[in-house]
Amino acid sequence: MVDLDQDPFYSNGTTDEISKKLLGMLLTYDSPKGLVGGRIVETEAYMGQKDSAAHAFKGRRTASNEPLYGPPGTVYIYSIHGRYLLDVAAQAKDVPQGILIRAIEPTIGLAVMEQNRTRHGVELTNGPGKLMEAFGIADKDMNMEIFGDSKLNIHQDDKKIPIQIEESNRIGVANQGTWATKPLRYFVKGNPYVSGIKKRDYDQKSHGWR
DNA sequence: ACACGGATATTCT
DNA sequence: GAATATCCGTGTA
């Protein structure tokens, strides 16, 4: 059994650094309808107690954000606006910093995801609630599980390299205090599955991968 | 009971 | 592109 607090990936670096490292990694879910997944193309870092936009701001701790306090690699699913969003705890146990996985470029189980979403093309997975709907996840049953031990997995060794990582402020936290404007959102420049990207900014050739 | 949010879809100028 | 309707679980009262 691995010592989770010593995890060589999640504990190695600050949460914003890890958010960038996740870009290009393969995210999979072993769903009841078959394996689904894709490349992570957009993430956001939430820096814990000090971060006015984070769920754990000022050490806030409730039943629903408890997974943030789990060991690195803990699955944190939470609901907002009637959707489910996927986070991963990024630091040692009791350090409540997390990374929101906002979009993926789908590569596995396209037919299943299209059925779950009743949409296709970029609309399949170009947003945090959309990718969870595509996966067919509509509950928080996997909370507190660890990526890799869970049916959810982030394959650290199966990774494409972005040509360029772009940064911006985080989405949907506009009036969440002084941290609202910090550049803690990261995405693969030119990838069509990044939320809100304009068609003219697509990298048609390589989707932003090296 | 009730207000609201780490979102999405639809409907307009 | 921007405005708006709707989503429903969660925190606070």
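Below, chains carry the letters A, B, ... as their sequence lines are ordered, and counting in each starts from 1.
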Exercise. Relative to the ring of A:H55, is the ring of A:Y78 parallel (under 30°), tilted (30 to 60°) or perpendicular (over 60°)?
Worked result: perpendicular
For this session: Output every pair passing salt bridge (Lys or Arg N to Asp or Glu O under 4.0 Å) with a member in residues 196-210 of chain A, not counting sequence neighbours, ordered by first then second residue.
Result: none
Seminar exercise, completed: Hits for side-chain hydrogen bond (donor to acceptor under 3.5 Å, both in side chains) against A:T181, two or more places apart or cross-chain, chain-then-number order -> none
Exercise. Taking everything shown except A:K159 itself, do over 12 heavy atoms lie less than 6.0 Å from its NZ?
Worked result: yes
Exercise. Hey, does A:R119 reach any base, or is it just sugar-phosphate, or nothing, if we go heavy atoms under 4.0 Å?
Worked result: sugar-phosphate
Protein-nucleotides 11-13 of chain C N/O pairs under 3.5 Å:
residue: C:dG11; atom: OP1; partner: A:T62; partner atom: OG1; Å: 2.5
residue: C:dG11; atom: OP1; partner: A:S64; partner atom: OG; Å: 3.2

Seminar exercise, completed: Counted 5' to 3', the first and last nucleotides of DNA chain B within 4.0 Å (strictly under) of a heavy-atom of chain A are B:dG5 to B:dT10
For this session: Taking the side chain as every heavy atom from C-beta outward, state whether A:L23 and A:M25 have any atom pair closer than 4.5 Å.
Result: no
Exercise. Pick from A:L22, A:V88, A:I104: which one makes a side-chain contact (heavy atoms from CB on, under 4.5 Å) with A:L27?
Worked result: A:I104
Problem set entry | Qualifying residues under salt bridge (charged side-chain N to carboxylate O under 4.0 Å, His left out), relative to A:D141, sequence neighbours excluded | none
Problem set entry | Close approaches to DNA chain C from residues 75-82 of chain A, in residue order (heavy atom, under 4.0 Å) | A:S79, A:H81, A:G82
Exercise. Considering only heavy atoms from C-beta outward, does the side chain of A:L184 approach that of A:W179 to under 4.5 Å?
Worked result: yes
Seminar exercise, completed: Applied to residues 64-75 of chain A, the side chain to side chain donor-acceptor pair (under 3.5 Å) test, sequence neighbours excluded, yields A:R61-A:E66
Exercise. For residues 35-51 of chain A, which residue pairs qualify under side chain to side chain donor-acceptor pair (under 3.5 Å), counting only residues two or more places apart or in two chains?
Worked result: A:R39-A:D158, A:E42-A:R102, A:E42-A:R185, A:E42-A:S195, A:E44-A:Y46, A:D51-A:R170
Exercise. Looking at residues 125-137 of chain A, who's got a heavy atom less than 4.0 Å off DNA chain B?
Worked result: A:G127, A:P128, A:G129, A:K130
Exercise. Where the side chain of A:T15 meets the backbone of A:Q97, is there a donor-acceptor pair that is under 3.5 Å apart?
Worked result: no
For this session: Go through residues 194-204 of chain A and report each residue with a non-hydrogen atom lying under 4.0 Å from DNA chain B, sorted by number.
Result: none
Exercise. Looking for any heavy atom pair under 4.0 Å, which part of the strands does A:F57 touch: base, sugar-phosphate only, or nothing?
Worked result: nothing
Problem set entry | Nucleic acid contacts - residues 103-116 of chain A versus DNA chain B, non-hydrogen atoms under 4.0 Å | none
Exercise. Can a donor-acceptor pair be found between the side chains of A:N12 and A:K21 at a distance below 3.5 Å?
Worked result: no
Exercise. Under 6.0 Å from the NZ atom of A:K151, do we count more than 12 heavy atoms belonging to anything else shown?
Worked result: no
For this session: Kindly check if the number of other-residue, nucleotide or ligand heavy atoms within 6.0 Å of NE2 (A:H155) is above 12?
Result: yes
Problem set entry | Separation of atom OH in A:Y84 from atom C1' in C:dG9, rounded to whole Å | 7 Å
For this session: Dot-bracket notation for DNA chain C is requested: 5' to 3', Watson-Crick or G-U wobble pairs only, both distances under 3.5 Å, with ( ), [ ], | and . as defined.
Result: ||||||.|||||.
Problem set entry | Flag, side chain of A:E145 to backbone of A:L152, donor-acceptor distance under 3.5 Å | no
Exercise. Between A:N143 (side chain) and A:I77 (backbone), is there a donor-acceptor pair under 3.5 Å?
Worked result: yes
For this session: Report yes or no: does A:R117 contribute a side-chain atom to a donor-acceptor pair with the main-chain N or O of A:E123 at less than 3.5 Å?
Result: yes
For this session: Please step through side chain to side chain contact (heavy atoms under 4.5 Å, CB included) for the pair A:L85 and A:I80, ending with a clear verdict.
Result: CA-CA 8 Å; A:L85 276 58; A:I80 186 77; 3.6 Å; yes
Problem set entry | Donor-acceptor contact present, side-chain A:S206 to main-chain A:W209, <3.5 Å | yes
For this session: To the nearest 0.5 Å, tell me how far A:N191 CG sits from A:K160 NZ.
Result: 9.0 Å
